[in-house]
**Student:** 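I have a structure I would like to understand better, so I am pasting it below and will then ask my questions one at a time.
The figures that follow rest on heavy atoms only: side chains count, while hydrogens, waters and symmetry mates do not. These figures come from a predicted structure and were not determined experimentally.
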Amino acid sequence: MGSYGMLARRIVETEMPVMVQIQQLIRGAKNVMSLAQGVVYWQPPKQALDKIKELVEEPSISRYGADEGLPELREALIRKLRQENNLHRSSVMVTAGANQAFVNLVLTLCDAGDSVVMFAPYYFNAYMSFQMTGVTSILVGPGNPKTLYPDADWLERTLLETKPVPKLVTVVNPGNPSGTYIPEPLLKRISDLCKNAGCWLVVDNTYEYFMYDGLKHCCLEGNHVVNIFSFSKAYGMMGWRVGYIAYPTEVEGLATQLLKVQDNIPICASIISQRLAFHSLEVGPEWVLEQVKHLVKNREIVVEALSPLGEGTACGSPGHLRISFGGLIEGDCRAAAERLKRGLEELVKDGMVQ
């Protein structure tokens, strides 16, 4: 039973997550400054942390909660969806992070052998979720070479020509890894194409607050649209693992099928993490936006550091390099960017990069 050949082919053929490879690379190294993973440097709101310190010994923290999430958190999230995202016909399931939310949806909406659609540059964990669940026909559409917007014309042709019709289309907005915001008219066109073709649209809104240059995030809803959100980046709760699915209330049976998957993966998200999420919501989006404002300088620093480089390749998109700038305070980001620039200059000088 120890033979490699006894392992499931679907998991063996799933790509290794690049962030795990980075973690292995830097483990044990000294004085490392990482620009790899899309994380933030801040902690959750102090007011929220102070409140949960008092809850550690409360018996309910150590028990299972409702599979779909604590009632008070779900109620708060429904208010948030209505007030901030203009989503009025959506129900909520709380998950152990947005990645688990996506896996829940793939298991609920897709069968092995179905075809699905993503766009380059794609989020590698989403691609892996399809691979490891037996979704072998992953159609990767192009992004606009200059804007990295998903190519809606390509999508229209693909949905018309592919038989059977792809089961699901997914986009990340703003993009991971691109950071590019999909304008509302384009997102609406993508949604309409999916509706007319009879396929699901899954939108990952993990970076909803990370908007720059005066842009404003938007969401869409419909009986074919499912939205994913996360507390990880906005509220600095990466290790607490809380995300949530906003799914169409009117789709009969969807909630029941989601619960089957939920009960077999986490049963419920960590109770103390959900309580932290609840109290973080009390602090409000203004707190998040204030943190995000401090990343503008980091963004400028990293862009300048990349000036020696022509092109690279990342996440299925030739001609691009993925660099994250949210995980370090400004001073550390500047030091890391200087190292990056020196390294790139050496590579260019030695002819290893053009």
Side-chain angles (χ1 to χ4, degrees), residues 15-23 34-41 85 95-106 116-131 138 140-144 147-151 168-183 186-187 190 201-213 215 217-220 226-239 241-246 288 291-292 295 298-299 302-303 306 312-328:
E15 294 183 0
M16 190 67 180
V18 64
M19 290 309 159
V20 171
Q21 297 178 59
I22 293 294
Q23 290 168 4
S34 176
L35 294 169
Q37 194 159 17
V39 296
V40 297
Y41 63 80
N85 305 112
T95 57
N99 270 3
Q100 192 236 313
F102 192 83
V103 172
N104 276 20
L105 290 170
V106 174
V116 295
V117 174
M118 318 176 68
F119 290 91
Y122 51 73
Y123 178 39
F124 64 91
N125 276 143
Y127 193 93
M128 291 171 60
S129 296
F130 291 131
Q131 288 181 306
I138 307 172
V140 179
N144 182 290
T147 64
L148 299 183
Y149 295 161
D151 188 332
L168 180 153
V169 174
T170 185
V171 294
V172 186
N173 192 34
N176 180 2
S178 69
T180 297
Y181 173 62
I182 303 173
L186 176 56
L187 187 61
I190 292 171
L201 173 63
V202 176
V203 184
D204 183 341
N205 303 281
T206 292
Y207 295 90
E208 60 177 318
Y209 296 110
F210 293 75
M211 303 292 294
Y212 303 95
D213 304 322
L215 297 174
H217 182 265
C218 78
C219 287
L220 301 178
V226 183
N227 286 284
I228 294 173
F229 299 87
S230 175
F231 281 86
S232 293
K233 312 304 162 53
Y235 287 97
M237 288 177 55
M238 290 78 67
R241 310 310 303 133
V242 183
Y244 54 104
I245 302 169
V288 179
Q291 313 311 310
V292 172
L295 295 181
N298 281 17
R299 185 174 177 235
V302 169
V303 168
L306 295 173
T313 301
C315 298
S317 188
H320 300 89
L321 179 67
R322 178 192 188 278
I323 300 291
S324 298
F325 55 84
L328 300 173

**Student:** Just jot down the side-chain hydrogen bond (donor to acceptor under 3.5 Å, both in side chains) partners of S230, sequence neighbours excluded, or say none.
**Tutor:**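 By the side-chain hydrogen bond (donor to acceptor under 3.5 Å, both in side chains) rule, S230 matches S232.
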**Student:** Under the side-chain hydrogen bond (donor to acceptor under 3.5 Å, both in side chains) test, which residues partner Y127, sequence neighbours left out?
**Tutor:**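 So Y127 forms no side-chain hydrogen bond (donor to acceptor under 3.5 Å, both in side chains) with any residue.
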**Student:** Can you measure from CG (L105) to OG1 (T170) and round to the nearest 0.5 angstrom?
**Tutor:**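 Interatomic distance, L105 CG to T170 OG1, rounded to 0.5 Å: 9.0 Å.
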**Student:** Looking at side-chain heavy atoms only, is the closest gap between V40 and M238 below 4.5 Å?
**Tutor:**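 Yes, their side chains come closer than 4.5 Å.
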**Student:** Between V202 and I228, is any pair of side-chain heavy atoms under 4.5 Å apart?
**Tutor:**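 The answer is yes; the side chains approach within 4.5 Å.
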**Student:** Give the minimum heavy-atom separation between P121 and S178, together with the two atoms involved.
**Tutor:**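 Distance-wise, the nearest heavy atoms are CG-CB, 3.9 Å.
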**Student:** Is Y149 reaching over with its side chain to a backbone N or O of T180, donor-acceptor style, under 3.5 angstrom?
**Tutor:**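 No; judged by distance alone, with no hydrogens or angles, the pair does not exist.
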**Student:** With no hydrogens and no angle check, is any side-chain donor or acceptor of N104 less than 3.5 Å from a backbone partner on T95?
**Tutor:**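 Here the side-chain-to-backbone pair does not exist.
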**Student:** Please find the pair of heavy atoms, one from I245 and one from A101, that lie closest to each other, and give the distance.
**Tutor:**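 So the minimum-distance heavy-atom pair works out to CG1-CB, 3.5 Å.
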**Student:** Drop me the distance from I138's CD1 to Q131's CD, to the nearest 0.5 angstrom.
**Tutor:**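 If we round to the nearest 0.5 Å, I138:CD1 and Q131:CD are 5.0 Å apart.
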**Student:** side-chain hydrogen bond (donor to acceptor under 3.5 Å, both in side chains), that's the test. Do E208 and N85 meet it? Break it down for me.
**Tutor:** CA-CA 9 Å; E208 60 177 318; N85 305 112; 3.0 Å; yes
**Student:** Can you tell if the side chain of L220 reaches within under 4.5 Å of the side chain of L187, non-hydrogen atoms only?
**Tutor:**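 In contact.
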**Student:** Which heavy atom of V39 sits nearest to which heavy atom of K233, and what is that distance?
**Tutor:**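 Closest approach of V39 to K233: CA-CD, 4.1 Å.
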**Student:** State the CG-OH distance between N298 and Y41, to the nearest 0.5 angstrom.
**Tutor:**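 Answer rounded to 0.5 Å: 7.0 Å.
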**Student:** Do I190 and L201 touch side chain to side chain, with heavy atoms closer than 4.5 Å?
**Tutor:**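 Touching, per the 4.5 Å side-chain cut-off.
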**Student:** Listed by chain and number, what are the side-chain hydrogen bond (donor to acceptor under 3.5 Å, both in side chains) partners of D151, not counting sequence neighbours?
**Tutor:**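 Scan of D151 (side-chain hydrogen bond (donor to acceptor under 3.5 Å, both in side chains), adjacent residues dropped) gives none.
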**Student:** Looking at side-chain heavy atoms only, is the closest gap between F124 and S129 below 4.5 Å?
**Tutor:**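 F124 vs S129: side chains apart.
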**Student:** To check you understand the geometry: which heavy-atom pair defines the closest contact between R241 and A98, and what is its length?
**Tutor:**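 Distance-wise, the nearest heavy atoms are NH2-N, 4.5 Å.
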**Student:** Aromatic contact between F231 and Y244, with the criterion being ring centroids under 6.0 Å apart: yes or no?
**Tutor:**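 Yes, ring centres under 6.0 Å apart.
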**Student:** For C218 and Y181, run side-chain contact (heavy atoms from CB on, under 4.5 Å): C-alpha distance rounded to whole Å, both residues' side-chain angles, the deciding distance at 0.1 Å, then the answer.
**Tutor:** CA-CA 10 Å; C218 78; Y181 173 62; 3.4 Å; yes
**Student:** Less than 6.0 angstrom separating the ring centers of F102 and F130, yes or no?
**Tutor:**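 Yes.
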**Student:** Check the side chains of N99 and Y123 for a donor-acceptor pair under 3.5 angstrom, ignoring hydrogens and angles.
**Tutor:**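 Side chains of Y123 and N99: pair found under 3.5 Å.
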**Student:** Check for a donor-acceptor pair, side chain of N173 on one end and backbone N or O of G175 on the other, with a separation under 3.5 Å.
**Tutor:**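 Such a contact is absent between N173 side chain and G175 backbone.
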**Student:** Could you measure the distance from the CZ atom of F229 to the SG atom of C219? Nearest 0.5 Å is fine.
**Tutor:**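 The SG atom of C219 is 4.0 Å from CZ of F229, to the nearest 0.5 Å.
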**Student:** Under a 3.5 Å distance rule, please check whether E15 uses its side chain to pair with a backbone N or O of M128 as donor and acceptor.
**Tutor:**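 Side chain of E15 to backbone of M128: no pair is present.
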**Student:** So do the side chains of V140 and F119 get within less than 4.5 Å of each other, counting heavy atoms only?
**Tutor:**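 V140 vs F119: side chains apart.
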